[in-house]
Amino acid sequence: MKTTKFPPGSFLEIDDLQGGRKVVLVGRDGVTYWDTIDAEKVTPLVIHPVCKPVELGSMVRFVQARGLSEVAVKIPDRLRARMDARADDALFIMRVLWVLSNELAFGSVPGDSFIDAAIAKANEQQRVAQSMHASADRYCEVG
């Protein structure tokens with residue numbers, strides 16, 4: 001099986017294998033990815049060309065390249081205001097930034113309702129990832 005190697009700790013956009021795309025975190029080995037920070041819930045998966053990986057780079061590089069500096073500060077603040085523990089989850093914040101980068105003009109600073117909508121879309125990425133891992137767990141239990 002051919003694998004693709006990326007810088008450890010960087011972010012990728014990949015197919016979620018359910019008709020969409022999602023943001024994931026490259027593992028320490030550079031050939032696997034995590035789709036949640038919680039190592040208790042998931043196992044890293046191999047980055048495979050079938051997922052059509054697109055390198056997003058580090059969060060800092062991504063934010064700078066897309067003119068998201070102001071909004072990058074607002075996202076954790078908005079999550080904290082909602083009492084959401086993911087205010088310190090770099091993968092979740094990167095997912096929100098990725099959603100916003102696909103929907104905002106360069107350098108735009110959205111209001112709270114726009115950020116809330118991006119958080120909802122990032123939640124969907126997380127739900128799809130958890131669903132995939134739950135399916136894999138069920139398959140492994142049967143086998």
Work out which heavy atom in [X] is nearest to a heavy atom in [Y]; give both atom names and the distance.
X   : Y    : value
P49 : P53  : O-CD, 4.0 Å
I47 : T32  : CD1-O, 3.6 Å
V96 : A122 : CG2-CB, 3.6 Å
L91 : W34  : CD2-O, 3.9 Å
F62 : S101 : CZ-OG, 3.4 Å
L25 : G9   : CD1-O, 3.5 Å

Should [X] and [Y] count as side-chain neighbours, where that means a heavy-atom distance under 4.5 Å?
X    : Y    : answer
F114 : L100 : yes
L12  : V26  : yes
R78  : I119 : yes
R95  : Q126 : yes
V31  : T4   : no
R21  : Q125 : no

Partners passing salt bridge (Lys or Arg N to Asp or Glu O under 4.0 Å) against [X] (at least two apart in sequence or in another chain):
X    : value
E103 : K121
E55  : none
D88  : R80

Looking at [atom1] of [X] and [atom2] of [Y], how far apart are the two atoms once the value is rounded to the nearest 0.5 Å?
X   : Y   : atom1 : atom2 : answer
D89 : L79 : CG    : CG    : 9.0 Å
F6  : D29 : CZ    : CG    : 12.5 Å
F11 : M59 : CZ    : CE    : 4.5 Å

For this session: Verify, without hydrogens or angle tests, whether D84 (side chain) and A87 (backbone) share a donor-acceptor contact under 3.5 angstrom.
Result: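 No.
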
Exercise. With distance as the sole test, does N102 use its side chain to make a donor-acceptor pair with the main-chain N or O of W98 at under 3.5 Å?
Worked result: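 Such a contact is found between N102 side chain and W98 backbone.
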
Exercise. Do the charged groups of R82 and D116 touch, with an N to O distance under 4.0 Å?
Worked result: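 Looking at R82 and D116, the cut-off is met.
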
For residues 66-75, dump all side-chain donor-acceptor pairs below 3.5 Å to protein atoms at least two apart in sequence or in another chain.
unit_1, atom_1, unit_2, atom_2, d
K74, NZ, P110, O, 2.9

Can you name the side chain to side chain donor-acceptor pair (under 3.5 Å) partners of [X], sequence neighbours left out?
X    : value
R61  : none
N123 : R86
S10  : none
D112 : none

Problem set entry | Residues that V50 engages under side chain to side chain contact (heavy atoms under 4.5 Å, CB included), provided they are two or more places apart |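 Once residues adjacent in sequence are excluded, the partners of V50 under the side chain to side chain contact (heavy atoms under 4.5 Å, CB included) criterion are H48.
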
Problem set entry | I14/V54 under side chain to side chain contact (heavy atoms under 4.5 Å, CB included): CA gap, chis, key distance, verdict | CA-CA 6 Å; I14 64 169; V54 174; over 6 Å; no

